[in-house]
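One structure below.
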Amino acid sequence: MLTAIPREQTRARRPDQSGHVERDGVQLFYEVYGSEGPAVFLLPTWSIIHSRHWKLQIPYLARHFRVLTFDGRGSGRSDRPASGYYEREFAADALAVMDATSTDIAVLVSLSLGARWALMLAADHPERVAGAVFIAPSAPLGKTLASQQPYLWDRELRTDKGWARYNRYYWLRDYQGFLEFFFAQMFPEPHSTKQIEDCVGWGLETTPEILIATEIEKEFDEQATRGLCMRVRCPVLVIHGADDLISSPSRGIALAEATRGELVLLEGSGHGPHVRDPVKVNLLLRDFMGRLGGK
Amino acid sequence: MSITETGTRARLPDSSGYAITPDGLRLYYEVFGRGDRTIVFLPANPISHSRLWKAQIHYLARHFRVVAYDGRGNGLSDFPDPATLWSNRFYAADCLSVMDVTATRAAILVGICTDGVFPSIQLAASHPERVLGIVAIAPGVPHLTPRHPNRAKAVAVYEQVLDSNEGWFKLNKHYMRGHYGDFLEFFFSQMFPEPHSTKQIEDAVAYGLDGSADVMVMDEHDPVASNKDQVEAICRQVRCPVLVIHGDRDECQVLERGLLTAELTGGRMVKLEGKGHIPNARHPVLVNKLIADFAGDRTSPQHANIRTHDKPRALLISSPIGLGHAWRDVAIARELRRQVPGLRVEWLAQPPVTTLLAQCGEIVHPASAELAPEARHVDAESGQHELHAFNMLRRMDEILCANFMVFHDVVSQEKFDLWIADEGWEIDHFLHENPELKTSPYVWMADFAGYLPMPSGGEREAFLTADYNAEVLEHIAQYPGLRDLSIFIGRPEDIVRKRFGPGLPTIPAWTKEHYQFSGYVLPFKPKDLANRKQLRRELDLDPDSRLIVATVGGSAVGVHLLHRIVEAFRILRSQVPEAELLLVCGPRIDPNDFPTVDGMQATGYVHDLFKTLACCDLAVVQGGLSTTMELVANRRPFIYIPLRNHFEQNFHVAHRLRRYGAPPPTQYDDATPERLAAQMRRRLGARVTYERVETDGARKAAKLIAPLIKTT
């Protein structure tokens, strides 16, 4: 059991530039690595973790590209407003970070929920998005996993078993218990202790109240998602673990179809392949950049 | 309309046809091979046609889809009416027509000189979505510099009828009309200044004659850009990668144009020394590799130099944490070179190991500079005489991944005949996770097997270490051939008698099954260091003093122990006035940080520290394997104080030392200055009864490795 947040471990590479950008009164912490080549923008995901989850991508990508990250509102070194966690807020935050770092155009890389703001950016700001990589996308296309279906998030439940922990009352009751459950689901691969610990540690840096706010303010539905997908014109790569226990692989498959993108299904991988199988994902990203004409 | 065949074609097109230009001309194209990426070769028309690229197509079509076409006015394409006006705007438009008809959405454009390069730059500016990259050979982007000085005078009178047309004055509208063949012969002899270029010149002249002088001298109108500012503006719009290849003996386009083209487009420049205007014909292998690397995105800018090694090459990845490691790797490398004549060993290593390697004259691969530093991490993870080695490794995941990627870049760009990783954890882990990335024989070396939990870590650490061990065991079981060879630096008896974890095999049983044993590897022969008086004189040390040497390895973690040793020495000195202390602080601790004490001297990094240790009367050290084993080999008394929570020093090393008859470790918590002083006094100059250390470890290790290196 974790009792304290571990100190940050030594980074393989430190940012070349970092700072805060303020949008609508919310301070967002960003980092820029490298200065050469086209920009890769590693987007925030659900505020349960912050930008350090890209730590295995940054050092490699920054040797070939200019890499941007920022902590999503509600996480890391960004502000934690009580409300304002609509998908469109994250999209606008991302644009603000691009503006603040003089990034005209970038390839977007998103994880899970980050797919939503990535889609908004690609559809609504095509001139600023050279390509989009969706890792384990969680947008309402395809199926919800059967294991998640029976439980209502917004109702007190009589059980704390399994996905019943994905529940606002449970979060308030036993936040760490939820984090440990959730990230164990995220990494079903054997020998993932370090990955789970890292994520639980990052999760403890925010609060259940913030996560509840993010859940209440989810706006996307299937129709809106399909509408955005139709308007995506840039090259798309979807990477999805075939054993993803959080976002069904059918979601990635459907997203690739709807965006006419390329699909890579990783056998035996869960919801965080970029963390658990970093070399594979790094090479997929580099290859995708290369095919776009990246250096 | 014809093409002169200058030999048997190496490869015929998979399809061919005609594109129709907006102004109604037919352009002949050919498509070769298949692949995700397309390379389009732009013609240098009208002076040549697509066969200009004959040395490229066969090779590149094995890796890419290749499109080549004849430009208007040569080859099998239509010739424009010479009575009309020529426009350079045709070039880019014609390329698009061919890309459209061949369903080439986007491509890497490869061209030469003005007619082949400038259109690709225009396209990258106007249609960025169609251009993935540009290879600009001998680029003739106009107006960037004055024309080549060799023809300045001739160009000035190009339109005039001259009395005589010698040299560059053959470049003359009227002379070319009447003596096109002679012009071509002169021109291409200039283009190939390299000796032994007869075939290339003949071919080029033949391709020129497939065209027509009348087209060649057509009057032009409607230029794409009429001054330098306009040209620069177009170049600056290029966002795709650009590779400029330019010979420094180019008699057509001055090298300066290539440099400026690279600069304006943000491209990479490869200067070819001693090479002329058409290196793709004269130096096809070099150019093919450059194009393939570029199109496959396989070369990073740092390593543009192309070298061919006919001698075998090994890449040695040495864990940077212990300097003793590096010495044993040097010993093995030296022995390997003895056993494999011509072998070149290059090192992927980082400070402080690189310092040692440089002094040994070893070759440190330049990509080593790109490695994320591990030493900084070790320091950050250290406490007071404490380094939790398992946590330290575990918390290094980011650095390990980053450094594997550097390794992967190196071996994808350069061919090595063998990879050797001495406890290069990232190499072994990620190769097993990504076995398809293994492309050379691979040797793993280690001096211990099994992560072991420290008692302080409780159940959780026991679970974690077992899980890590299980992962290694599963890796090996799943890909038993991935390591072509695993060498245990030591003997089977050196293996601790423990289990990898609950339900897992015992460490000795599994290790004996999966490793070969080299015995311990010493970087010296003990008999060469046996005359201690002479050694002291050589090292400028007093031959008659009672010398204590204290050393704590290459990291900063030993600083607390050194301070404690200094305090103990103060006490000892009051009892044994002839005792002297040499404090070896290593590369990361400042010797000036210690108080001045009579009889004590503090120093920084000492290159061949084993010599100093070989002539001491007592050593006080940490529990690192190399230092302690070298003391055993040289039969010196020593006190060793393992780092707290360092599983390797506390279990693996202590077990091995016990086997050699060394005294048990001293725990840091027990080593108060008073107790340490008493222990130092007892051990100073004491007789030892160690078992002999084998002296042929390096030779044995090399003998195991050598057969894996294919020599031709």
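Letters go in sequence order (proteins before strands), and every chain restarts at 1. The model shown is predicted, which means the values in this text are computed figures rather than measured ones.
Counting heavy-atom pairs closer than 4.5 Å to chain A, the top-ranked of the candidates B:Leu437, B:Leu464, B:Val406 is B:Val406. Of the listed residues A:Asp277, A:Leu56, A:Ile58, A:Thr10, the one with more heavy-atom pairs under 4.5 angstrom with chain B than any other is A:Thr10. Between chain A and the options B:Leu371, B:Ile399, B:Asp379, the largest number of non-hydrogen pairs under 4.5 Å is found for B:Ile399. Contact count against chain A (heavy-atom pairs under 4.5 Å) is highest for B:Glu398 among B:Met405, B:Glu398, B:His377.
Sparse packing is recorded around CZ of B:Arg34, with 12 or fewer heavy atoms of other residues, nucleotides or ligands lying under 6.0 Å away. Around atom CD of B:Glu459, no more than 12 heavy atoms belonging to other residues, nucleotides or ligands sit under 6.0 Å away. Enclosure of atom CZ in A:Arg14 is not indicated, since only 12 or fewer non-hydrogen atoms of other residues, nucleotides or ligands lie within 6.0 angstrom. No more than 12 heavy atoms of other residues, nucleotides or ligands sit less than 6.0 Å from atom CD of A:Glu267. For B:Glu474, the CD atom is densely surrounded, since the number of other residues' heavy atoms within 6.0 Å is greater than 12.
Between B:Asp467 and A:Ser192, the closest heavy-atom pair is OD2-N, 4.4 Å. A:Arg291 and B:Leu132 make their closest contact through O-CD2, 3.1 Å (heavy atoms, listed as atom of the first residue, atom of the second, distance). Residues A:Ala12 and B:Pro373 come closest through the heavy atom pair O-CD, 4.4 Å. Closest non-hydrogen pair, B:Ala470 versus A:His191, comes out as CB-CE1, 3.7 Å.
For A:Arg276, the parts sitting under 4.5 Å from any heavy atom of chain B are the backbone and the side chain alike. Contact annotation for B:Ile108: neither backbone nor side-chain heavy atoms come within less than 4.5 Å of a heavy atom of chain A. Heavy atoms closer than 4.5 Å to chain A are found nowhere in B:Glu129, neither backbone nor side chain.
Using a 4.5 Å heavy-atom threshold, the side chains of A:Val279 and B:His408 count as separate. Using a 4.5 Å heavy-atom threshold, the side chains of B:Phe430 and A:Pro278 count as touching.
The only option from A:Arg52, A:Lys55, A:Arg11 that meets the salt bridge (charged side-chain N to carboxylate O under 4.0 Å, His left out) definition with B:Asp397 turns out to be A:Lys55.
Taking 4.0 Å as the cut-off between side-chain N and carboxylate O, B:Asp409 and A:Arg286 count as a salt-bridged pair. Of the charged side-chain nitrogens involved, at least one lies within less than 4.0 Å of a carboxylate oxygen, so that B:Glu370 and A:Arg63 count as a salt-bridged pair.
Between atom OH of residue B:Tyr468 and atom OG1 of residue A:Thr193 there is a gap of 4.5 Å, rounded to the nearest 0.5 Å. Rounding to the nearest 0.5 Å places CD of B:Glu433 at 9.0 Å from CD of A:Glu189.
Judged purely by atom type and a 3.5 angstrom limit, A:Gln9 uses its side chain to pair as donor or acceptor with the backbone of B:Arg395.
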